[in-house]
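Read the structure below first, then the notes.
In what follows, chains carry the letters A, B, and so on, assigned in the order in which the sequence lines appear, proteins first and then strands, with residues in each chain numbered from 1.
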Amino acid sequence: MSFLKIEDLHLNLGEFFLQEIFITLQQGDYLAVIGPTGAGKTLLLESIIGFWKPDRGRIHLVGKDITDELPEKRRIGIVYQDYALLPHFTVYENIAYGLKKKEKEKKRIREKVNRMAAALQIDHLLHRTPTTLSGGEQQRVALARALIVEPKLLLMDEPLSALDPQTRREARSLLRKIISGSHTTVIHITHDLDDAWALANKVAIFKDGKMMQFGLLQDVFHCPTNRFVADFVGATLLEGKVEERKEGFTIIHVDDFHLVSLDESTIGESVRVAIRPENIVVCKSIPKDISAQNIIRAKVEEILSEGTTCVLCLKANHTAFSVFVANNAVERLDLKQNDAVYAVIKASNVRIV
Amino acid sequence: MGIRALRKISFFHLSFLSVTFFITLLLLLAIGSLFFVPSWEDVAQNIWSPEMRYSLRLSLITGFISTALVMLFALPIGYALSRFHFWGKGFVKTITDMPVAFPELVLGLCLLLVFGSTFVGDFLNSIGLNFVFTRKGVAAAQFFTALPYAIRIMKSTFDYIDPRMEFISRSLGYSQFETFFNVSLPLAKNGILASTVISFARCIGTFGTVLILAGGSYMKTEVLPITLYLNISYGNMGMALTSGIVLMVVSFLAIFIFEKTEVGF
């Protein structure tokens with residue numbers, strides 16, 4: 001039985017709309033919903049939580065049809081991009097607010113709030129008011145407030161995008177720790193692919209109120225079923241292990257070759273590496289006197305023409321990856337199937353995610 | 001260059017500022033004359049006269065009652081107009097707003113007709129609510145005059161409150177009523193204060209509606225504006241000026257508090 005099942009959801013609010021949305025999640029799934037602004041992503045969250053009534057379609061949660069249930073009965077938590085902390089409450093009161101509804105004993109509330117605050121490293125802020133907190137702190141308070149009532153499902157609308165890059169990285173790893181510890185099922189809206197790579201196991205791509213693709217993270221990133229998805233997320237994801245740190249570079253061993261990255265990591269750690277297809281250059285002969293650090297010998301498996309660009313599917317031993325090149329490049333280099341080529345990638349384009 | 005830029009700005013500033021200051025000064029002069037024309041012994045004597053004490057007392061009592069009623073209605077109406085989409089919303093908005101542009105005398109006349117000789121009036125009469133030429137009528141007249149202002153302020157107050165604050169509360173298990181009291185009302189605190197103060201000032205200062213619906217009878221339905229009017233017509237300037245001063249102080253305090261709350265209107 002699926003945990004969350006959205007069947008043929010339609011909703012039209014004039015300016016924003018959703019059409020034909022089908023999503024199925026299992027308990028503990030982490031779904032990243034990705035898409036440009038105005039794609040209806042927030043509308044999806046607010047339909048699931050019950051603030052909009054769909055024009056058509058049903059939503060099932062843990063085997064129960066919740067389409068007509070009041071939001072306050074659904075036990076779904078939400079974290080907004082601007083956190084929406086209640087300004088007339090202190091941090092403690094914000095976190096305790098949902099708990100007070102079902103837990104009457106003051107001592108139990110205090111214990112739970114303190115435990116949650118400690119886990120999210122905000123226990124020193126409990127007496128403050130939300131307006132005096134930094135963005136990262138507010139984000140953690142909003143997360144604590146949503147998680148403390150142990151929601152069946154947690155929805156997050158771009159929870160990390162208002163943070164500066166350093167805070168965002170820290171918040172992301174804290175989020176991963178908290179969520180995996182609590183086995184909460186999550187739907188997370190983001191426009192930052194790093195969020196999806198770092199946190200999600202499933203991905204849904206939205207555009208203009210429609211879902212372009214939905215599936216396992218690896219599947220969607222490796223096999224985009226249409227051009228929009230390919231452009232939007234198409235990247236090669238490789239699993240590897242950090243072998244060496246040298247002069248600011250990280251050397252990662254993936255199955256069939258080594259990659260040099262500028263991103264920091266620790267030796268011995270298992271990492272996931274992302275390379276976007278437009279960041280790879282293809283040469284027919286081994287390039288000399290070149291600044292790029294990664295030169296990988298590969299075989300052309302397939303050439304797919306798509307208008308003005310071509311997708312080259314390359315394979316280095318057992319590792320497959322794709323490259324975008326201009327159409328005329330294929331002619332100029334006289335590329336054919338089974339040709340041997342060299343893929344050139346700058347270390348800064350090898351991203352540890 | 002600095003001087004030329006300054007000169008250009010100065011001319012523009014000067015012309016607009018002089019218009020602004022001209023009107024401000026004129027108003028100040030008009031307001032000031034209310035305070036400087038009468039002798040203070042006169043005012044002190046008038047304020048303790050039985051008529052003035054009666055009028056002041058009735059004004060305050062009816063003002064508090066009608067303001068409380070205005071807020072009781074303006075809160076749900078303002079919230080509904082701000083948050084809900086319903087059939088006929090535009091129509092409702094026009095009708096509830098209309099008394100703002102209505103001359104008070106016409107509003108009073110309309111109320112007199114509906115409370116006087118229709119089934120609505122008969123029904124209200126039968127449960128002991130007679131509004132025609134009574135003190136209850138004073139409060140009713142004040143209520144209908146002030147209500148549209150209060151609704152407007154409350155609507156714009158709720159417009160500025162992020163509905164997501166309320167969504168969050170509901171997602172945490174609170175019903176719409178609980179959310180309204182736990183979240184919407186506390187966040188609307190400034191707007192409620194502003195709306196109450198403006199309503200009170202409107203109630204105290206309502207003249208035309210009160211005159212037509214409740215009548216302007218001496219020591220019966222006599223509130224401050226009626227005192228001013230009655231005494232002007234007898235040529236009793238002292239009493240007229242005194243009630244004018246009291247009304248002025250009330251409205252000045254109201255505007256002062258309203259400006260402090262920084263709410264849109």
Could you name the residues of residues 99-127 of chain A that have a heavy atom within less than 4.5 Å of a heavy atom in chain B?
-> Lys100(A), Lys101(A)
Between Phe119(B) and Phe123(B), does the ring centre distance come in under 6.0 Å?
-> no
Show which side-chain atoms of residues 143-155 of chain A pair as donor or acceptor with protein atoms under 3.5 Å away, not counting sequence neighbours.
unit_1	atom_1	unit_2	atom_2	d
Arg145(A)	NH1	Ala84(A)	O	3.2
Arg145(A)	NH1	Asn94(A)	OD1	3.3
Arg145(A)	NH2	Tyr83(A)	O	3.1
Arg145(A)	NH2	Ala84(A)	O	3.0

Would you kindly say whether Thr67(A) and Asp65(A) are connected by a side-chain donor-acceptor distance under 3.5 Å?
-> yes
Quick one: do the Glu178(B) and Ser175(B) side chains pair a donor with an acceptor below 3.5 Å?
-> yes
Can you check whether anything in residues 52-64 of chain A gets within less than 4.5 Å of chain B, heavy-atom wise, and list it by number?
-> none
Could you give the side-chain donor-acceptor pairs of residues 23-31 of chain A under 3.5 Å, partners two or more places apart or in another chain?
unit_1	atom_1	unit_2	atom_2	d
Asp29(A)	OD1	Asn201(A)	ND2	2.9
Asp29(A)	OD2	Gln26(A)	N	2.7
Asp29(A)	OD2	Lys202(A)	NZ	2.7
Tyr30(A)	OH	His188(A)	ND1	2.7

Of all heavy-atom pairs between Leu187(B) and Pro87(A), which one has the smallest distance, and what is that distance?
-> CD2-CG, 3.4 Å
Between Ser59(B) and Leu56(B), is there a donor-acceptor pair closer than 3.5 Å when you use the side chain of the first and the backbone of the second?
-> no
State plainly whether the residues Asp192(A) and Arg172(A) are in salt-bridge range, i.e. N to O under 4.0 Å.
-> yes
Plane angle bin for Phe158(B) and Phe180(B) - parallel if under 30°, tilted between 30 and 60°, otherwise perpendicular = tilted
Check each atom of Ile76(A) against the heavy atoms of chain B and say whether the ones under 4.5 Å are side chain, backbone, both or neither.
-> backbone
Heavy-atom proximity to chain B below 4.5 Å, by part of Tyr97(A) = both
